[in-house]
Amino acid sequence: MEQSQEQAVKRQSGRSETVDVAIIGAGPAGAVAAALLRHAGRSVLVLERQHFPRFSIGESLLPQSMAYLEEAGMLQAVVEAGFQYKNGAQFVWRDHATAFDFRDKHSPGWGTTFQVERAKFDDLLIRCAAEQGAEVRFGHTVLAMQPGDAPVLEVADESDARYEVRARFVFDASGFGRVLPRLLNLEAPTGLPTRAAIFSHVRDGLALDDFDRNKICVATHPERRDMWFWMIPLAGGRSSVGCVAEAAFFDMPEAAREARLRALIREEPTLNRLIGDAPFLMPVRQIGGYSANVERLHGPGYALLGNAGEFLDPVFSSGVTIALRSAQMAVKVAERVLGGEAVDWHAEYDVPLRKGIDTFRAFVERWYTGELQDIIYYPRQTPMIRRMISAVLAGYAWDESNPYVADPVRRLNALHEACKTL
Ligand code: FAD
């Protein structure tokens with residue numbers, strides 16, 4: 001990747017360097033943070049242990065994320081990349097079916113987005129950040145960090161040569177790598193049961209009137225309301241398909257995964273009809289125990305972005321949106337720190353970021369109890385309430401003008417009661 005003339009990472013005696021902000025991980029959170037910091041004129045070094053393009057799960061974006069891509073100067077590249085357009089979500093359970101169109105929503109802002117192959121999407125974002133002057137090193141793994149006013153990272157390249165990076169600030173955007181939470185013992189309980197997913201891509205062969213490709217399909221298993229499937233149509237006639245259940249349900253040898261996913265797809269009538277026989281395009285993968293939380297999203301000289309901080313659950317496709325939102329918010333606060341201001345990270349980053357995460361949490365918890373499913377399928381919901389729910393499903397989980405954001409637990413509980421009694 002080309003280095004910009006503006007690049008200001010200073011090499012000192014070969015094995016120690018200084019930079020304004022060092023970022024661990026080049027996923028969506030790291031890429032957007034890097035671009036925004038470059039806009040502010042800061043020197044940025046992104047350290048990424050893998051080589052891109054690389055596979056990642058998390059393929060259905062939410063419209064709210066478009067605003068952050070736009071702010072980071074990446075929107076045009078994303079729009080021009082030819083990803084599958086997305087405008088909503090289709091939910092299915094037994095003979096119930098309901099679609100949310102994200103353009104019809106309570107909150108202002110984007111109502112459409114994309115369903116993306118993450119290998120291509122993540123590569124595109126980090127290239128945009130590099131074009132804006134961030135230095136990106138692939139194949140460089142962060143091993144340790146000394147926190148403090150001037151944090152120091154210990155890094156290994158692929159030949160295991162070690163060097164230090166001295167930064168004025170560090171962002172941990174290492175996703176499920178969770179580098180700083182592990183190194184600094186920041187992990188906290190999630191309060192969510194341990195769940196897992198098995199998934200693959202299929203050659204979908206969907207005809208135009210079979211299914212609206214512009215929507216993610218979220219289908220609940222006919223007999224188990226806490227088990228659900230995603231089908232995410234992607235560009236080029238392929239779809240991502242996966243099944244989520246309690247982790248113990250997927251306790252099986254790797255060789256059994258493909259047959260298990262095929263059998264599960266056949267148990268859900270809509271997916272069976274659409275892709276029951278569709279060939280898998282890659283080995284069926286499994287990921288489990290992905291929910292994570294931390295005591296705090298910041299510490300001396302560092303902040304945690306995206307999944308490195310918290311991850312709830314895939315059901316509402318909120319992961320990338322939260323990752324981008326965290327990057328955008330953390331850069332604003334870090335900018336003030338770099339400008340010499342004293343900043344209260346708890347009040348100005350943790351609390352406002354967690355507001356939206358807690359909105360999603362209230363929705364996720366009630367999804368698995370079945371209450372949110374009752375709400376979604378309730379046939380006499382008022383258009384106003386549907387627009388409020390639609391806004392949260394579109395990712396506008398921080399817009400407190402929406403009562404289901406301002407007070408999600410109380411509102412959802414009351415709504416569920418009303419759906420039962422009306
Ligand atoms: P990542 O994208 O994980 O990037 C982190 C990067 O850090 C990686 O490239 C990694 O190699 C690098 N790294 C790790 N450790 C180190 C180290 N020591 N040194 C250097 N680099 C390091 N989200 C959605 O928005 N929509 C969905 O439809 C969706 N579906 C999902 C389905 C499942 C089953 C799961 C588990 C998650 C899903 N998600 C979804 C969530 C989504 O995958 C994540 O929220 C998103 O990828 C987080 O982005 P990130 O930038 O925080 O981290």
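In listed order, ligands and their atoms are each counted from 1. Just so you know, these numbers come straight off a predicted model, no measurement behind them.
Taking all heavy atoms of E59, R178, E48 into account, the minimum distance to atom 6 (C) of ligand 1 is reached by E48. Nearest-heavy-atom check against atom 1 (P) of ligand 1 across G139, A156, G175 picks out G175.
Proximity of A173 to ligand 1, defined as any heavy-atom pair under 4.0 Å, is confined to the backbone N, CA, C and O atoms. Contact annotation for A197 and ligand 1: only side-chain heavy atoms (C-beta onward) come within less than 4.0 Å of the ligand. If you look at N307 next to ligand 1, the close heavy atoms, those under 4.0 Å, come from the backbone and the side chain alike. At a heavy-atom distance under 4.0 Å, no atom of F199 approaches ligand 1. For R118, every heavy-atom contact with ligand 1 shorter than 4.0 Å involves the side chain, none the backbone. The part of I24 lying near ligand 1 is the side chain, judged by heavy-atom distances below 4.0 Å.
Here the side chain of Q115 pairs a donor or acceptor atom with the backbone of I216 at under 3.5 angstrom. Counting only distance, with no hydrogens or angles, the side chain of R262 and the backbone of G276 share a donor-acceptor pair below 3.5 Å.
Ranking the protein heavy atoms by distance from atom 39 (N) of ligand 1 puts G58 CA, 3.6 Å first. For atom 33 (C) of ligand 1, the nearest protein heavy atom (residue, atom name, distance) is P314 CB, 3.6 Å. At the shortest separation from atom 37 (C) of ligand 1 among protein heavy atoms lies F311 CZ, 3.5 Å.
Relative orientation of the H298 and H346 rings is tilted, given thresholds of 30° and 60° on the angle between their planes. Ring planes of W345 and F169: parallel class, angle under 30° (limits at 30 and 60°). Using cut-offs of 30° and 60° on the angle between ring planes, the pair F55 and F199 is parallel.
Where the criterion is an N or O separation shorter than 3.5 Å, residue side chain and backbone included, T141 fails it with respect to ligand 1. In terms of polar-atom proximity, T321 is not counted as a contact of ligand 1, lacking any N or O under 3.5 Å from an N or O of the ligand. Polar contact with ligand 1: absent for G306 (N/O pair, distance under 3.5 Å). At a 3.5 angstrom cut-off on N or O pairs, A29 counts as close to ligand 1. At under 3.5 Å, not a single nitrogen or oxygen of V179, backbone or side chain, sits near a nitrogen or oxygen of ligand 1. When only interatomic distances are considered, the shortest N/O to N/O separation between S60 and ligand 1 falls below 3.5 Å. When only interatomic distances are considered, the shortest N/O to N/O separation between Q50 and ligand 1 falls below 3.5 Å. The shortest N or O to N or O distance between S56 and ligand 1 is not below 3.5 Å.
Every residue two or more places apart in sequence or in another chain that forms a side chain to side chain donor-acceptor pair (under 3.5 Å) with Y368 is listed here: W228, D313.
Using a 4.0 Å cutoff on heavy atoms, P28 counts as a contact of ligand 1. Using a non-hydrogen distance threshold of 4.0 Å, L61 does not register as a contact of ligand 1.
Annotation for L180 and L186: closest pair O-CD1, 4.0 Å, computed over non-hydrogen atoms. The two atoms that bring L271 and C217 nearest to each other are CD2-SG, 4.4 Å, heavy atoms only. Heavy-atom minimum distance, L312 versus L192: O-CD1, 3.5 Å.
A 4.5 Å side-chain heavy-atom check between I24 and L47 finds every atom pair outside the cut-off.
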Next on the checklist: Using the rule given for side chain to side chain donor-acceptor pair (under 3.5 Å), can you reason through H106 versus S401, listing the C-alpha separation, both sets of side-chain angles and the distance that settles it, and then say yes or no?
Outcome noted: CA-CA 9 Å; H106 168 87; S401 75; 3.0 Å; yes

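By the 6.0 Å and 45° rule, R386 stacks over the aromatic ring of F100.
More than 12 heavy atoms of other residues, nucleotides or ligands sit less than 6.0 Å from atom CD of E70.
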